[in-house]
Amino acid sequence: MAQDQDFNYDGVTFVTEGTLDPRGFQGVEGVRTYFEKVHVNIVLDTTESDERIAALQKGVEARCPIHNLMHAANVDITATWTRK
C-alpha cells in the first residue's frame with residue numbers, strides 16, 4: 001500500500017493488544033473462541049503529513065486480510081497510527 005501511494009517511510013513498529021474470554025477455548029458453550037477486542041498501535045518513522053498517514057491507514061485497512069477477517073467476525077478492532 002505504501003508503494004502504491006508513494007508513501008515515504010524508514011520503518012514501522014506494531015504493538016498489538018487483545019482481549020478474549022478464556023471460557024471459549026475451555027469449551028463453555030455460547031462463548032466466542034476468538035478475540036472480543038483488538039487494538040493495534042502503529043508508529044511510522046516518516047516525515048509524511050497526518051493526512052497522508054490517514055490515507056495510508058485507510059488503504060491498509062481496506063486490503064489487510066487479518067483486519068478484514070476480524071472485522072467480518074465482529075471483533076471490536078481499533079488502530080492508532082502515529083509518527084515517530
**OP:** Ignoring hydrogens and angles, tell me if any N or O in the side chain of Arg52 forms a donor-acceptor pair with the backbone of Gln5 under 3.5 Å.
**Re:**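 Checked: pair present.
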Original post:
Taking the side chain from Thr46 and the backbone from Asn8, do they hold a donor-acceptor pair closer than 3.5 Å?
Top reply: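 Such a contact is found between Thr46 side chain and Asn8 backbone.
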Subject >> Inter-residue atom distance Arg83.CZ - Asp45.CG, 0.5 Å rounding >> reply: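 Separation between the atoms: 10.5 Å.
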Enumerate donor-acceptor pairs with a distance under 3.5 Å from any side-chain N or O in residues 70-81 to protein atoms, sequence neighbours excluded.
from: Thr78; atom 1: OG1; to: His39; atom 2: ND1; distance (Å): 2.7
from: Thr80; atom 1: OG1; to: His39; atom 2: NE2; distance (Å): 3.2

Subject >> Enclosure of Glu17 CD (heavy-atom neighbours >12, cutoff 6.0 Å) >> reply: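 Counting neighbours around CD of Glu17, 12 or fewer heavy atoms of other residues, nucleotides or ligands fall under 6.0 Å, so no.
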**OP:** Using a 4.5 Å cut-off on heavy atoms from C-beta on, say whether the side chain of Leu56 contacts that of Tyr9.
**Re:**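 Side chain of Tyr9 against side chain of Leu56, heavy atoms only: no contact under 4.5 Å found.
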Contacts of type salt bridge (Lys or Arg N to Asp or Glu O under 4.0 Å), residue [X], not counting sequence neighbours:
X: Asp6; value: none
X: Asp21; value: Arg23
X: Asp10; value: none

Subject >> ILVMFWY network linking Phe25 to Phe35, side-chain heavy atoms under 4.5 angstrom >> reply: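 Yes; Phe35 is reachable from Phe25 via cluster members.
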**OP:** Can you sort out the partners of Leu69 under side-chain contact (heavy atoms from CB on, under 4.5 Å), two or more places apart, ordered by chain and number?
**Re:**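 If we apply the side-chain contact (heavy atoms from CB on, under 4.5 Å) test to Leu69, skipping adjacent residues, there are no hits.
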Subject >> Those residues that, when tested against Gln57, pass side-chain hydrogen bond (donor to acceptor under 3.5 Å, both in side chains) (two or more places apart) >> reply: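 Once residues adjacent in sequence are excluded, the partners of Gln57 under the side-chain hydrogen bond (donor to acceptor under 3.5 Å, both in side chains) criterion are Glu61.
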